[in-house]
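In what follows, a single structure is set out as structure tokens and then discussed.
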2 protein chains.
Amino acid sequence: MSRKNSLLSCCRGDELEGLSASKSSCLYKKGQVIFNEGSKPSGLHCVHSGKVKVCKMGSDGKEQIIRLAKPGDVIGYRALMADSNYSASAVAMDDAVVCYVPKSQFMELIHENMDFSNGLMKLLSKALGEAEERMTQMAYKPVRERLAEALLLLQKTYQQDENKENFTIAISREDLASIVGTAKETTIRLLSEFKDEQIIATKGSSITILDADKLYSICHLYD
Amino acid sequence: MSRKNSLLSCCRGDELEGLSASKSSCLYKKGQVIFNEGSKPSGLHCVHSGKVKVCKMGSDGKEQIIRLAKPGDVIGYRALMADSNYSASAVAMDDAVVCYVPKSQFMELIHENMDFSNGLMKLLSKALGEAEERMTQMAYKPVRERLAEALLLLQKTYQQDENKENFTIAISREDLASIVGTAKETTIRLLSEFKDEQIIATKGSSITILDADKLYSICHLYD
DNA sequence: CTTCTAAAATGATAAAAGTCATCTTTTAGG
DNA sequence: CCTAAAAGATGACTTTTATCATTTTAGAAG
């Protein structure tokens, strides 16, 4: 297991004893807000269990999901490091346990621990690369391709059992549309197409990926 | 003048004497490539004069401009810090002079100079915030609003004389379309609309902003 | 000052996606 | 188990944007 990947997972830190000591946990029910766009960060949050979405509100009231967070992921670090207000909100998509680390502890660590600081930088670089990638996709890829990509992202992010053939996730069509950046109805229509093509199966709000390879080829990830 | 903003501008560094000593300059003619998407970074580039675009190629061959760089700006730092290949290319939009700092120098500085390291982190945080902002805009704002925004971005980035009423820039419709994330023809059509509405004037490839306030209100930056 | 080429501009049309209305299925609560 | 509210699904229609074809203009080279 890579040390770097868990560098920031305060919930099982090695060199982060100090953080662990001062962290507190909180349970958020499905739909509850962890922090709000525009407010000032007073610390850092780490997802311990459950699914969390990080999202921005467009001027027309439509929501865009910027990032999906899973257990072990840190959220809200950008605002803290830029010393600015949150540019996005974090909301629990399931019941989720989220730990909290006060800003002072975080800053101490940044200034004293070089490894931690470097890890953070890599994290930021990676996030920036991903954001730029998605920007390009939003610009030119049609919705069908972006939806295929979103389904694969969900699988990559939330599939716990690697071997298990058919990944299933319960997600509202609204949230899915917010990841893709499109209207709910368009998402539903395209999901119906995917169903007809036997790429997925649905039951209520649950979506099961039957043929990930087809999804890959739809979004040209084989190029 | 803020020290933080010039922290990375190796071309006029204060605490960066080491960098300055080992930097070399190179003139790139309009259209020349400074570095290429996919290749491995061997150092850092700083724009000394001219305009530089940082862009990605979409799978369908359409180009998306990720970032505009002006004199004093550093480019290619993300890949260097993430220790990965360039995820975008840099191309001179005008004749441009670009300085080069070898990776070793850069790494030394990161590890030895805390201020430098912190400045980099803020730079990354800011870039990430901007990328996320643009992602949301791409998702939901119509092309007309995004074009207005792009024109204001060009002004904000490249206007040297703050007082001067009418900002003028020469930019190909193709490049402008690549910033907005739309087709060249759509861009031209909307520019014609703006011309009819006396928001801009054009002469050849030059665009003059006559009424920045109207542009602001078009893209809802007053909300 | 011409001529040639590339870029800008415009028109016609097609495709993609959004919106609004409606119906159906889930799902949670009594 | 039944019912109400929420979410999913689908249809009809409109708007936005892309694409392709063509004309006009600007700018460089002879």
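Chain identifiers are assigned alphabetically (A, B, ...) following the order of the sequence lines, protein sequences preceding nucleic acid strands; residue numbering begins at 1 within each chain.
- Straight-line distance from the CG atom of B:Leu191 to the P atom of C:dT10: 10 Å, rounded to whole Å.
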How does protein contact run along nucleotides 10-20 of chain D, one letter per nucleotide 5' to 3', with B for base contact, S for sugar-phosphate only, - for none, heavy atoms under 4.0 Å?
-> BBB----SSBB

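- Counting heavy atoms from C-beta outward, A:Leu124 and B:Met81 have side chains that stay 4.5 Å or more apart.
- Look at CG on A:Leu147: it is 11 Å from P on C:dA17, rounded to the nearest Å.
- A:Val91 places none of its side-chain heavy atoms less than 4.5 Å from the side chain of A:Val54.
- Checking B:Glu133, B:Gln64, B:Glu132 one by one against A:Met135, the side-chain contact (heavy atoms from CB on, under 4.5 Å) holds for a single residue, B:Gln64.
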Verdict with reasoning, A:Thr136 to B:Ile66, per side chain to side chain contact (heavy atoms under 4.5 Å, CB included) = CA-CA 8 Å; A:Thr136 310; B:Ile66 299 292; 3.7 Å; yes

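- For A:Tyr28, there are no ring pair (Phe, Tyr, Trp, His ring centres under 6.0 Å) partners, not counting sequence neighbours.
- Summarising the geometry, the separation between NZ on A:Lys30 and P on C:dA28 is reported as 8 Å, rounded to the nearest angstrom.
- Counting heavy atoms from C-beta on, the side chains of B:Ile171 and B:Ile179 come closer than 4.5 Å.
- The side-chain heavy atoms of B:Met57 and B:Glu37, taken from C-beta on, include a pair separated by under 4.5 Å.
- Salt-bridge check for B:Asp94 with B:Lys29: failed, with every basic side-chain N at 4.0 Å or more from each acidic carboxylate O.
- Take B:Ser49 and apply the side-chain hydrogen bond (donor to acceptor under 3.5 Å, both in side chains) test, not counting sequence neighbours, and it matches no residue.
- For residues 172-181 of chain B, every residue pair satisfying the side chain to side chain donor-acceptor pair (under 3.5 Å) rule, not counting sequence neighbours, is listed here: B:Lys53-B:Asp175.
- Over its full length, the helix from C:dC1-D:dG30 to C:dG30-D:dC1 turns its helical axis through 40°, comparing axes from the five pairs at each end and rounding to 10°.
- Distance B:Phe194 CZ to C:dA9 P: 14 Å, rounded to the nearest Å.
- Both the sub-6.0 Å distance and the 45° axial angle are not jointly satisfied by B:Lys40 relative to the ring of B:Tyr86.
- For A:Arg173 and D:dA6, the CZ to P distance is 18 Å, given to the nearest whole Å.
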Would you mind building the protein contact string for nucleotides 25-30 of chain D? One character per nucleotide, 5' to 3', B for base within reach (heavy atoms under 4.0 Å), S for sugar-phosphate only, - for untouched.
-> ------

